Amino acid sequence: MILGRVCGTVVATIEHPFYDGKKQLIVRACLPDGSFDGEKYVIAVDLVGAGVGETVLVEDEGNSARQMMGNLKNAPIRSVIVGIVDQVALG
Amino acid sequence: MILGRVCGTVVATIEHPFYDGKKQLIVRACLPDGSFDGEKYVIAVDLVGAGVGETVLVEDEGNSARQMMGNLKNAPIRSVIVGIVDQVALG
Amino acid sequence: MILGRVCGTVVATIEHPFYDGKKQLIVRACLPDGSFDGEKYVIAVDLVGAGVGETVLVEDEGNSARQMMGNLKNAPIRSVIVGIVDQVALG
Amino acid sequence: MILGRVCGTVVATIEHPFYDGKKQLIVRACLPDGSFDGEKYVIAVDLVGAGVGETVLVEDEGNSARQMMGNLKNAPIRSVIVGIVDQVALG
Amino acid sequence: MILGRVCGTVVATIEHPFYDGKKQLIVRACLPDGSFDGEKYVIAVDLVGAGVGETVLVEDEGNSARQMMGNLKNAPIRSVIVGIVDQVALG
């Protein structure tokens, strides 16, 4: 998993029932100190109700993403926001 | 998923029935602000009738790509254009 | 697998029973000589009781990670700390 | 998939029957305009009889590669040359 | 697959029976001309008895790695040294 910060949303028509009503968020990758990791980003399905500006954990592996959706073997999904970060403790 | 912009097509003979009649598009990766993400690109199968210049969502994981094709377990495919982007909202 | 050094922990609420009680560590990637590999890092589940400052082996593939957990097919996990490094011998 | 140009061959003894008699080609990654994409390359199994200097399509995902081999579930393969490029149309 | 050169070994305690008695080698990635590819490296399980200084082929995909081990579905492994390179022919 990586850390990221929610920066916006993408509106697109995807013709697969899995995506009906699911929010797709733009998440910029962050370093552990909270700064952005260059321009890296991912578009992830939101599982936790994250809002713009929040720091989140993103899992970026298809099989894990499908498990997080409730063992949905057929979901065409690779990246999901799996949690809102409460604290990053360094040192 | 990532954002990309369709830049052209590739014509090649691929000896697998899956590829008969399928269009393969060159998609340059974009940043959320719409600019190109360096020289990154991918060749993706088009599922949505995207044309040159359009901004699209590309899913770049084999199992997801196979699901998008209608649960075609045997498709030798990794990257697909899954939607045309209507709007990117930042901020 | 890659070498890494444990740098901290992440506290986040993840709504999947797999993550109950599991420690998620921030591991910065290291080169074989022990220096950091730029800013690369990963957030990995700790299987070995690693502490901050220790050099560890991280496996970063979902199916391997699930095997390390005891063949837990349903674990939504990609990166795990699989061992504490005793020695790196170069040359 | 990505575009590449065949640059040479690798001769190595691999102790798995899948590799008996299969040619392994060095393919340097290309950008859509035909220039090399930095120093990126991959060693891919040739499915199409590609020769040095030809521009090819490379699929770089294990499950896709196995499908291209004729649904050979047990093939230890990730990268294959799946086609010789006839034309790249940009614009 | 990529080319690499064996640079050393890692000694670590990994609590999974698969790793009992298996040598884990540090392999620095090489370009086709034999030079190192920046600082890139991988820690790979040795299947061929490779020694320090030898140029090898590394397969870096979990399912392929498991096949190389003799169709060992449960092996928690992603990177393996699958062959010692006899010759790289360029041009």
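Source: prediction; values computed, not measured. Lettering follows sequence order; numbering is per chain, from 1. Just so you know, these numbers use all the heavy atoms, side chains as well, and skip hydrogens, waters and symmetry mates.
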Exercise. Where is the tightest heavy-atom contact between E61(B) and G62(A), given as atom of each residue plus distance?
Worked result: OE2-CA, 3.1 Å
Exercise. Does R78(A) use its side chain to pair, donor to acceptor, with the backbone of D60(B) at less than 3.5 Å?
Worked result: yes
Exercise. In terms of heavy-atom pairs under 4.5 Å with chain B, which of V6(A), T9(A), V52(A), T13(A) leads?
Worked result: T9(A)
For this session: Go through V10(A) and M1(B) one step at a time and tell me if the side chain to side chain contact (heavy atoms under 4.5 Å, CB included) criterion holds.
Result: CA-CA 11 Å; V10(A) 174; M1(B) 291 203 280; over 6 Å; no
Problem set entry | Which portion of L57(B) sits near chain A, non-hydrogen atoms under 4.5 angstrom | side chain
Seminar exercise, completed: When every non-hydrogen atom of Y41(A) is compared with those of L3(B), the smallest separation belongs to OH-N, 3.0 Å
Exercise. Among P32(B), G38(B), G83(B), which residue forms the greatest number of heavy-atom pairs with chain A at distances under 4.5 Å?
Worked result: P32(B)
Exercise. Chain A heavy atoms under 4.5 Å from L47(B): which part of the residue, side chain, backbone, both or neither?
Worked result: neither
For this session: Under 4.5 Å heavy-atom distance to chain B, tell me which part of I26(A) shows up: side chain, backbone, both or neither.
Result: side chain
Seminar exercise, completed: Turns out that what part of V48(B) lies under 4.5 Å from chain A's heavy atoms comes down to neither
Exercise. Contact part of E59(B) toward chain A, heavy-atom cut-off under 4.5 Å: side chain, backbone, both or neither?
Worked result: side chain
Exercise. If you take all heavy atoms of S64(B) and P76(A), which pair is closest and at what distance?
Worked result: OG-C, 3.3 Å
